[in-house]
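Below, read A as the first sequence line, B as the second, and so on, with proteins coming before strands; counting in each chain starts at 1.
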Amino acid sequence: MDTTFDPKRFEKRLYSKWKDNKYFSAHPNKDKKPFTVMMPPPNITGQLHIGHALTMTVQDSIIRYKRMKGYETLWLPGTDHASIATEVKIIDKLAEEGITKEQLGREGFLKRAFAWKEQYGGRIIKQLEQLGSSCDWDRLAFTMDDNLSRAVKETFVRYYEKGWIYHGARIVNQCPHCKTAISDAEVEYETEEGNLWHIRYPEVGGGEGIIVATTRPETLLGDMAVAVHPGDKRYAKLVGKQLALPLTDRTIPVIADEYVDKSFGTGAVKITPAHDPNDFEVGLRHNLEVMRVMDDTGHMNELAGKYAGMERYEARSAMVADLEALGLLVKTEPHTHNVGHCHRCHAAIEPIVSKQWFVRMSELAKPAIDVVKNKKLRYLPKRFEKNYLHWMENIRDWCISRQLWWGHRIPVFYCDACGGEFVSREELKVCPKCGAPVRQDEDVLDTWFSSALWPFSTLGWPDKTPDLEYFYPTNVLITAYDIITFWVSRMIYSGLEFMGQAPFDTVLIHGLVRDELGRKLSKSLGNGIDPLEIIDEVGADVLRISLVSGVSAGGDIKYSTKKQEGFRNFMNKIWNASRFVLMNAEGVEILPIEKVRLTLADKWIVTRLNETIADVSKYMERYEVGLAANRLYDFVWGEFCDWYIELSKVSLYSSDEKKRQATVSVLVRVLRDILKLAHPVIPFITAEVYDNLPEAVRDAEDIMISPYPSVKDLKSYRIDARKMEAVMDAIKRIRAVRADMGVKPNRRTSIFVKPNALISKLLGSAGEYLVKLASGNDFAEVVSKPDGCTTIITAFGEVYIPLGELVDRDKELERLGKELDNAKGELARAEGKLANEKFVAKAPKALVDAEREKIEKYKERIAVLESKTAETSKL
RNA sequence: GAAGGUGUAGUUCAGUUGGUUAGAACGCUACCUUGACAUGGUAGAGGUCAUAGGUUCGAGUCCUAUCAUCUUCACCA
């Protein structure tokens, strides 16, 4: 093994080995329990970003853990066609070549789109591999694959036949740039500075009329009424009267409706049913006509008179100018309001009435609410359940048609001859009624319509396949909180509807990756982090552990180069600790731990390993990968490397072959279990080292299919492990005193110990540890303090070190003074507690006893320190 | 406007059902190349746990209010 950790030497090789050996493949297996995770399919719009790297790492870690735990694990990968997002990208690309999608035609465009999918989908798969993802490539899916498209049609038809899909005129969010309607969820609101234009609508027959306030004067041409509040005395007389609609020759009525807020603006609202969702509702209540004055691209249409053909904002200025010329513009006041934007292209949304396909949500939402309320499905962390329930309980019908080409075409056919409308699983050529040729609906479905089916369409639904039988429902869905409404909720109600069971029992929500300053990563900010660059620089393991570590459920994580560097160092630490172990293991026969005589240190590390296994497993069971990683980090660095490796040198460099063999066996065994525990998070380095372990401890042909360590009963080690900790306490205190006194590290001294009652019959080995780790020269047990020594109180007993001429009398007094103050403080605190009768009466007995013990301990310590102080001051 | 999260060392975060002297990493200071690793080791400085009340024998932890900050949802013309 090389002296430094260099992931380039093994990552690619290991991944190929895993893939070639089909370790990732899952098959229905009655002897094993399944554990299934559906990968949220990345969009084929580009390449993976750091957020993908986070979610994939969490998923892979959990999958690898469960695989080692003996489950038949399926992690099903795939990509999403991402209808609107991809179409926008392709159109941009075409624009660079100087062509439009219309020039290509539908067929030609789709050809381009599939080529795009090959290119970018392929790239994403490469990236997933580089990350180390152990997903089942044999099951790779794409939302527009034949069988998934079949599932989409099946779903549409079933909804349609139930009457849950309808075609109707509603106000939709029209994106003038993407030229399609988008769902409510795809609208992002942003606060903008605008104007509130106050416009007078004169009364027919000459009255002053009414002044209305509007932020969108261009929609005036579609006004069908002016509404006031029924209880508003200012306008009571005008209700029912006709007003002259400015810039037109139309007249419109004044109506009364509860919807109007008396205190806002002038208390009078222009009602434009075709261009505002609230106005649309008002219009329905008052039987108003719907007059649409704008087209799908944000231009005024032929009903807009002289403004026809103008772009919406151009029309706005023109009309404001004209109103002003007519003296009808009363005032213009600045107004801050929220404007919806398309979350893909960011153009301002235009609410427009149009005919679209909708899915009625009332029936679908109910079971999806119940399943969470009945705790059959939980969110981790729990607080996201509130988010979800709030959304579900207030859900509106889902607009599923999109005026795009890239996606699943709506399986509805129209017959122009007889006016028939037919939904069909198969492509229709002629009208089933009259035999005339039919045409298919031009629109495609919302991209989430297909991803909503992901957990079962990828397993073969609507067929009853063995896969579906075995792997559905899946276990946990892992994703960031930003797509709960888009996607998670839709999978839940789809699964309940078509499979009769929720698609998973747990939704694990993780945060978003942010930069060092806590900002979202985005292209416009230029703070994007490319996961591939990081892999190239430091390897996939470092990227993975940097992403998941320190993440507790649901919280966002900040990615910094500092953090990355820290974990790069950690990898190097593991690498070198492994080198140390392997070097010492060379030529030594490794025995099972049960068969060798263990030292204090050996028992201690095995005990600590056991506790680490318990904790890490517990965290992994709770899907707390970040906490598991941190726990391991502390154990590997803080206990295994900093302490055990150093302690083991006592045995390794001794002449006692048996002792050496025992410790080597422990080293190798502990290292192996560390590798196994860490493998789910850092698969590459652990696999590489595992392959270099002595045969005796390699329990599988590859670490990824080896069994996960389990907790053992080690009660019999407990006392020795405690003794070891007492020795370690002594070592730390000796070091601290030496450093405090300015003793050079290379100056070794004798160490004398007067052990306390608890520690007996182990001085020989303890002495070796003291000498080795506390700069000792030799060691002896004594019954009282030798002359010229300084006293150090430790858990192990009193330790004396002759510092000779190095003892600085004043410094020593200062040190003793500090310790004395500290001990007195603690004594006072404990005594204060016990003086409180209520504490003694109410606190648990163990706690009270602990305080009593503490008083004894500190009294004793104070006595020692005081006598020592007196002695020193006489010098 | 509604709901929710967060607030602990200079920075990033841990801190289980309330119970030792509130921990780690990075950074900082001092010392050290000791036979895995200077991408290292040892020791150290640094915290009125946002603020004010309350419950309790006991609060970083539970409750209330306030402030700061972030997110989601709704959107009034």
Side-chain angles (χ1 to χ4, degrees), chain A residues 1 3-5 184-185 189 196 212-216 219 227 259-261 263-272 276-279 282 335 337-340 381 383-384 386-387 390-391 394 481-482 484-485 511-512 516 518 538 549-552 554-558 560 562-563 565-584 618 626-627 630-631 633-634 637-638 641-642 645-646 649 652-653 732 735-740 742-746 772-773 775 822 825-826 829-830 833 836-844 846-848 850-851 853-854:
Chain A
M1 286 173 73
T3 50
T4 48
F5 159 70
D184 294 337
Y189 286 88
L196 199 52
V212 300
T214 181
T215 54
R216 291 194 301 156
T219 63
Y259 152 71
V260 180
D261 176 357
S263 60
F264 188 88
T266 60
V269 190
K270 61 195 260 322
I271 300 298
T272 323
D276 182 280
N278 292 304
D279 293 6
V282 174
H335 179 62
H337 61 152
N338 288 331
V339 178
R383 64 189 142 95
F384 290 102
K386 285 201 173 165
N387 250 343
H390 183 257
W391 160 264
N394 296 288
Y481 52 73
D482 55 348
I484 292 176
T485 49
L512 306 176
E516 276 142 292
V538 291
S549 132
V551 180
S552 59
D556 286 349
I557 85 142
K558 288 181 188 160
S560 66
K562 286 260 179 269
K563 200 168 170 183
E565 225 171 84
F567 283 105
R568 195 264 326 256
N569 294 351
F570 181 50
M571 291 306 111
N572 195 58
K573 192 76 179 174
I574 293 178
W575 187 258
N576 278 295
S578 303
R579 277 181 55 226
F580 173 83
V581 173
L582 296 177
M583 270 166 51
N584 283 289
K618 179 185 76 186
L627 297 181
N630 282 4
R631 180 67 178 82
Y633 181 99
D634 291 343
W637 203 317
C641 292
D642 287 349
I645 284 188
E646 294 309 317
K649 288 174 183 172
L652 295 179
Y653 303 146
K732 276 188 269 190
R735 284 171 175 170
V737 169
R738 286 175 56 107
D740 193 35
V743 182
K744 288 277 174 194
N746 58 4
K772 176 85 188 155
L773 279 108
S775 305
N822 188 287
E826 284 306 310
R829 223 182 46 82
K833 264 194 177 178
N836 183 340
E837 280 169 32
K838 285 179 180 171
F839 172 75
V840 178
K842 291 191 177 180
L847 217 63
V848 178
E851 290 300 323
E853 253 177 57
K854 215 185 289 174

Inset, instruction - Mind telling me whether A:Phe570 and A:Phe567 have parallel, tilted or perpendicular rings, with 30° and 60° as the class edges? - result: perpendicular
Inset, instruction - Taking only the side-chain heavy atoms of A:Lys842 (C-beta and beyond), determine which of B:rC57, B:rA77, B:rU39 contains the nearest atom. - result: B:rC57
Legend entry - Nucleotide of B:rA36, B:rC75, B:rG19 approaching A:Ala843 most closely (side-chain heavy atoms): B:rG19
Legend entry - Contacts of type salt bridge (charged side-chain N to carboxylate O under 4.0 Å, His left out), residue A:Glu826, not counting sequence neighbours: A:Arg829
Inset, instruction - Hunt down the Watson-Crick or G-U wobble partner of B:rC13, both distances under 3.5 Å, from any strand shown, or write none. - result: B:rG23
Inset, instruction - Only counting residues at least two apart or in another chain, list the ones meeting salt bridge (charged side-chain N to carboxylate O under 4.0 Å, His left out) with A:Lys649. - result: A:Glu646
Inset, instruction - Select one nucleotide: of B:rA36, B:rU71, B:rG19, the one nearest the side-chain heavy atoms of A:Glu646. - result: B:rA36
Legend entry - N or O in side chain of A:His335 less than 4.0 angstrom from B:rA77 OP1/OP2: yes
Inset, instruction - Can you figure out which of B:rC75, B:rG40, B:rA77 approaches the side chain of A:Asn278 most closely? - result: B:rC75
Inset, instruction - Give a yes or no on whether a donor-acceptor pair under 3.5 Å exists between the nucleobase atoms of B:rC37, that is its base, and the side chain of A:Asn572. - result: no
Inset, instruction - Could you verify whether a donor N or O on one side chain and an acceptor N or O on the other, from A:Ser549 and A:Lys563, lie under 3.5 Å apart? - result: no
Legend entry - Of A:Cys641 and A:Ala736, the one whose closest RNA chain B nucleotide lies more 5': A:Cys641
Inset, instruction - Under 4.0 Å between any heavy atoms, over every strand shown, what does A:Asn338 touch: base, sugar-phosphate, or nothing? Just pick one. - result: base
Inset, instruction - For B:rC32, take OP1 and OP2 only and decide whether either is under 4.0 Å from a side-chain N or O of A:Lys744. - result: yes
Legend entry - From B:rA77, B:rC32, B:rC57, nucleotide with atom closest to A:Phe839 side chain: B:rC57
Inset, instruction - Could you check whether A:Lys649 gets within reach of a base, just the sugar-phosphate, or nothing at all, counting any heavy atom under 4.0 Å? - result: base
Legend entry - Heavy-atom donor-acceptor pair, A:Glu565 side-chain to B:rA25 base, under 3.5 Å: no
Inset, instruction - Please determine if a side-chain N or O atom of A:His337 lies less than 4.0 Å away from the OP1 or OP2 oxygen of B:rA77. - result: yes
Legend entry - A:Trp637 side-chain proximity, nearest of B:rG41, B:rA36, B:rC76: B:rG41
Legend entry - Residue met sooner reading RNA chain B from 5', once A:Gly267 and A:Ala185 are mapped to nucleotides: A:Ala185
Legend entry - Distance test, side-chain N/O of A:Lys573 to OP1/OP2 of B:rG41, below 4.0 Å: yes
Inset, instruction - Can you tell me the pairing partner of B:rA2 across any strand shown, Watson-Crick or G-U wobble, with both distances under 3.5 angstrom? - result: B:rU72
Legend entry - Basic-acidic side-chain contact under 4.0 Å: A:Glu851, A:Lys854: yes
Legend entry - G-U wobble or Watson-Crick pairing nucleotide for B:rU56 (cut-off 3.5 Å, both distances): none
Inset, instruction - Check whether any side-chain N or O of A:Asn569 sits under 4.0 Å from OP1 or OP2 of B:rG40, and answer yes or no. - result: yes
Inset, instruction - Determine the Euclidean distance between corresponding P atoms of B:rC70 and B:rC13; express it in Å to zero decimal places. - result: 14 Å
Inset, instruction - Just call it for A:Arg735: base, sugar-phosphate, or nothing, with non-hydrogen atoms closer than 4.0 Å on any strand. - result: sugar-phosphate
